[in-house]
Amino acid sequence: MLNNLFTGIFDAAGTAVISVPDFLRCIVVSLLIGAFITWVYTYKSRYTTSFAVTLAMLPAIVCIVIMMVNGNVGAGVAVAGAFSLVRFRSVPGTAKEIGTIFLAMAAGLIAGMGYLGFAVLFSLIMGAVMFVLNVTGSGVKKAEVREKTLRITIPEDLNYGAVFDNLFEKYLSSCEVVAVKTSNMGSLYKLTYHVTLKDNAEEKTFLDELRCRNGNLEISMMRQEANVNEL
């Protein structure tokens, strides 16, 4: 009776049936691989809880799909790929997120084919590479720590096209106006700049001098976010 519970109703007499111990072994290994990949990805990186949980489960999900299609890699990849990339149809993902998704899928595919040793070895090698890149900060431009988004509110009687030019030349190595917005029935202008500071230590002095120019109205400076829509 118990054996019949795990037998497919469409299984033929000559069809190879996956045993319950083998099934559980593949699932456990896939979950361990997913947990390892998630830990490496989240180390010194920004992430959302939902993405981390999904990443941990993805190798096991792909493994199940591959096992259930009896090793038909084409059908398995088509189904698992459609499931795993649904997130990126509505929410743009970074290149790192998409790359990690494919890493988890590849590990699950290998485990689903029954090569558990290769799946673990592959995950350890790729995880080590990702860990080293995260620790060393490889690929991160040194200028990024000085790249900021500056928002300044000024009264309508100030000519924003030239009023801050000498301060920008003194404290910034680059400056670009990205948005201009009126506020308070047109009595105020809200300006948004992408700037690169020459020296982070002079940020407060820079803001203090800006306050003297804009009548002590609201000023904010924050880290400039990368465009997640680009790979």
Item checked: Smallest separation among heavy atoms of Gly112 and Ile66, with atom names -> C-CG2, 3.6 Å
Note to self: Go through it in stages, so that I can follow the logic: the residues are His194 and Lys148, the test is side-chain contact (heavy atoms from CB on, under 4.5 Å), and I'd like the CA-CA distance, side-chain angles, deciding distance and then a yes or no.
What the structure shows: CA-CA 6 Å; His194 283 173; Lys148 308 283 186 177; over 6 Å; no
Next item on the list: Not counting sequence neighbours, which residues clear side-chain contact (heavy atoms from CB on, under 4.5 Å) with Ala128? List them please.
Entry: none
Checklist line | side chain to side chain donor-acceptor pair (under 3.5 Å): pairs with one or both residues in residues 99-127, sequence neighbours excluded | finding: none
Checklist line | Hydrophobic cluster (4.5 angstrom, side-chain heavy atoms) - remaining members for Leu210 | finding: Leu150, Ile152, Ile154, Leu158, Tyr160, Val163, Phe164, Leu167, Phe168, Tyr171, Leu172, Val177, Val180, Tyr189, Leu191, Tyr193, Val195, Leu197, Phe206, Leu207, Ile219, Met221
Notebook entry, point to check: Can we say Glu147 and Arg223 salt-bridge, meaning some charged N sits less than 4.0 Å from an Asp/Glu carboxylate O?
Noted result: no
Note to self: Restricting to side-chain contact (heavy atoms from CB on, under 4.5 Å), what partner residues turn up for Phe23, sequence neighbours left out?
What the structure shows: Ile18, Ile27, Ile64, Met67, Met68
Margin query: Once salt bridge (Lys or Arg N to Asp or Glu O under 4.0 Å) is applied, do any residues pair with Asp165, and if so which ones, sequence neighbours excluded?
Written below: none
Notebook entry, point to check: Which ILVMFWY residues can you reach from Leu188 by hopping between side chains whose heavy atoms are under 4.5 Å apart?
Noted result: Leu217
Next item on the list: Please check if atom NZ in Lys96 has more than 12 non-hydrogen atoms from other residues, nucleotides or ligands closer than 6.0 Å.
Entry: yes
Margin query: Working to the nearest 0.5 angstrom, can you tell me the gap between Leu32 CG and Leu116 CG?
Written below: 10.5 Å
Checklist line | Residue list, side-chain contact (heavy atoms from CB on, under 4.5 Å) with Ala104, at least two apart or on another chain | finding: Ile37, Leu55, Leu58, Pro59
Next item on the list: For salt bridge (Lys or Arg N to Asp or Glu O under 4.0 Å), just list the numbers for Lys170 and Glu209, CA-CA rounded to whole Å, side-chain angles, deciding distance to a tenth of an Å, and then say yes or no.
Entry: CA-CA 11 Å; Lys170 180 179 179 181; Glu209 295 196 27; 3.5 Å; yes
Item checked: Cluster check Met126, Phe118: I/L/V/M/F/W/Y, side chain < 4.5 angstrom -> yes
Notebook entry, point to check: Would you say the side chain of Glu218 lies within less than 4.5 Å of the side chain of Arg151, judging by non-hydrogen atoms?
Noted result: no
Check: When rounded to the nearest 0.5 angstrom, what is the spacing between CG in Asp199 and OG in Ser173?
Finding: 11.0 Å
Next item on the list: Working to the nearest 0.5 Å, report the span between CZ of Arg25 and OG of Ser30.
Entry: 12.0 Å
Checklist line | Shared hydrophobic cluster, Val28 / Met113 (ILVMFWY, side-chain heavy atoms < 4.5 Å) | finding: no
Margin query: Looking at Met185, I want to see if its CE is surrounded by more than 12 non-hydrogen atoms of other residues, nucleotides or ligands under 6.0 Å.
Written below: no
Notebook entry, point to check: Which heavy-atom pair separates Ile33 from Ala107 by the least distance, and what is that distance?
Noted result: CG2-CB, 3.7 Å
Margin query: Suppose the criterion is side chain to side chain donor-acceptor pair (under 3.5 Å): which pairs have a residue in residues 174-185, not counting sequence neighbours?
Written below: Ser174-Thr196, Asn184-Ser187
Note to self: For Glu169, give me all partners under salt bridge (Lys or Arg N to Asp or Glu O under 4.0 Å), at least two apart in sequence or on another chain.
What the structure shows: none
Margin query: If the condition is salt bridge (Lys or Arg N to Asp or Glu O under 4.0 Å), which residues does Arg213 pass it with, not counting sequence neighbours?
Written below: none
Margin query: Run the side-chain contact (heavy atoms from CB on, under 4.5 Å) test against Phe131 and tell me which residues pass, sequence neighbours left out.
Written below: Trp39, Val40, Tyr43, Val135
Next item on the list: Run through the side-chain heavy atoms of Ile, Leu, Val, Met, Phe, Trp and Tyr, join any pair under 4.5 Å, and report what else lands in Ile125's cluster.
Entry: Leu121
